[in-house]
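Both counts, for ligands and for their atoms, begin at 1 and track the order of listing.
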Amino acid sequence: MGLLLVPAGVYLYMRSGDAPVATSAPPVPFERFLAHTAMHATIERQEKPIHLAKPTDASLEAGAKLYRTDCAVCHGLPDQAPTPTAEGMYPRPPQFFRPHARKIDDPPGQVYWKVENGIRLTGMPAWRGSLSGAQARRITAFLEDGPSLPAPVTAVLEATPAKEKQKTKSKAGRLPRRG
Ligand code: HEC
């Protein structure tokens, strides 16, 4: 009988209309703790160590371009305020380029795992289907390099969309290749 009380209680709570569904709802006690415990346990079991080639300016620039296209809307750009998309999410996506942002110090295998598989119930997408393994590696190397990015790479992140468009036009209107 006692055993049934717990699932019945959880069910009633879910039916009560008080459980947090909106991203704007306040967190419930232990929500972060439980979510992160499950995430770390899964990643630790599934991650495979990966070897990243020593990044060159060119590979970091390619990573920066992919980051701008696919990640910046949520994870931000240097010297820019978080976008309304990022502000409206729960949990908030970490802003990788804010001053004092936590440096990504997880092993590359873990960052790569998150990029490939996404993080359920957070809005962090899985990129496995849309980025090649090489592209995901390039972004991982770029993120791991964090604050020590060389100037030409930072320039890619800081280029305004207008400048990018001009560059694209001069290539006879062809769409930029990802990569
Ligand atoms: C729609 C929004 C969104 C987009 C686009 C997005 N992310 Fe995320 N990402 C998130 C959120 C939200 C989290 C935080 C998840 C959490 O709290 O566990 C996250 C977490 C991460 C983390 C883990 C950070 C940490 O501190 O452990 C990495 C790494 C990451 N994202 C990389 C990327 C990369 C690379 C891209 C682009 C290819 C990307 N994300 C695109 C929303 C997004």
Side-chain angles (χ1 to χ4, degrees), residues 19-53 55 58-78 80-149 153-154 156-159 161 164 175-179:
V21 172
T23 56
S24 53
V28 289
F30 304 116
E31 185 175 334
R32 271 191 86 77
F33 169 75
L34 290 174
H36 281 144
T37 306
M39 183 178 79
H40 291 305
T42 308
I43 296 178
E44 266 159 37
R45 215 178 51 181
Q46 296 187 357
E47 99 171 87
K48 294 188 187 69
I50 60 164
H51 173 72
L52 295 174
S59 73
L60 288 173
E61 262 184 73
K65 282 189 186 142
L66 289 167
Y67 177 87
R68 265 192 65 147
T69 313
D70 288 331
C71 324
V73 64
C74 287
H75 291 296
L77 289 168
Q80 290 194 20
T83 63
T85 302
E87 293 278 17
M89 293 181 69
Y90 184 89
R92 290 272 174 92
Q95 300 295 296
F96 296 140
F97 293 97
R98 296 235 88 182
H100 317 299
R102 187 175 78 84
K103 181 179 170 345
I104 296 207
D105 49 9
D106 298 328
Q110 285 194 16
V111 175
Y112 182 78
W113 189 97
K114 289 176 187 170
V115 176
E116 285 279 280
N117 298 290
I119 305 171
R120 209 172 172 101
L121 300 182
T122 70
M124 167 62 190
W127 295 92
R128 189 194 285 275
S130 48
L131 293 177
S132 69
Q135 287 174 321
R137 248 172 245 267
R138 232 168 264 155
I139 298 195
T140 302
F142 159 79
L143 287 178
E144 295 265 340
D145 231 51
S148 51
L149 290 170
V153 180
T154 322
V156 169
L157 295 176
E158 283 163 359
E164 284 280 296
L175 281 174
R177 277 184 56 188
R178 308 174 95 208

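Counting atoms of ligand 1 from 1 in the listed order, those under 4.0 Å from a heavy atom of Ile139 are 35 (C), 38 (C). Within ligand 1, the atoms closer than 4.0 Å to a non-hydrogen atom of Val111 are 29 (C), numbered from 1 in the order shown. Taking a cut-off of under 4.0 Å to the non-hydrogen atoms of Pro94, the atoms of ligand 1 that pass are 13 (C), 14 (C), 19 (C), 24 (C). The distance from ligand 1 to the heavy atoms of Pro91 drops below 4.0 Å at these ligand atoms: 12 (C), 17 (O). For ligand 1 and Asp70, the ligand atoms under 4.0 Å from any heavy atom of the residue are 5 (C), 37 (C), 38 (C), 41 (C).
With sequence neighbours left out, Arg128 forms a side-chain contact (heavy atoms from CB on, under 4.5 Å) with Glu116, Asn117. Remark: Glu44 engages no residue in a salt bridge (charged side-chain N to carboxylate O under 4.0 Å, His left out) (not counting sequence neighbours).
Counting heavy atoms under 4.0 Å from ligand 1, residue Asp106 touches it through the side chain alone. At a heavy-atom distance under 4.0 Å, no atom of Ala35 approaches ligand 1. With a 4.0 Å cut-off on non-hydrogen atoms, Val115 touches ligand 1 through its side chain and not its backbone. Counting heavy atoms under 4.0 Å from ligand 1, residue Trp113 does not touch it at all. Both the backbone and the side chain of Pro93 come within 4.0 Å of ligand 1, counting heavy atoms alone.
Judged by the shortest distance from any of its heavy atoms, Phe96 lies inside the 4.0 Å radius around the atoms of ligand 1. Within the 4.0 Å heavy-atom cutoff, His36 counts among the residues contacting ligand 1.
The nearest pair of heavy atoms linking Pro93 to Ala86 is CD-O, 3.6 Å. The two residues Leu60 and Phe142 come nearest to each other via the heavy atoms CD2-CA, 3.7 Å. For the residue pair Leu121 and Pro91, the shortest heavy atom distance occurs at O-CD, 4.1 Å.
In terms of N/O distances under 3.5 Å, ligand 1 is approached by His75. Checked by distance only, ligand 1 and Lys114 come closer than 3.5 Å through their nitrogen or oxygen atoms.
The aromatic rings of Phe96 and His75 sit parallel to each other, their planes meeting at less than 30°, with 60° as the upper class boundary. By the 30° and 60° cut-offs, the orientation of the rings of His36 relative to His40 is tilted.
Between Leu77 and Tyr67 there is a side-chain heavy-atom pair separated by less than 4.5 Å. Counting only heavy atoms from C-beta outward, the side chains of Thr122 and Met39 never approach each other to under 4.5 Å.
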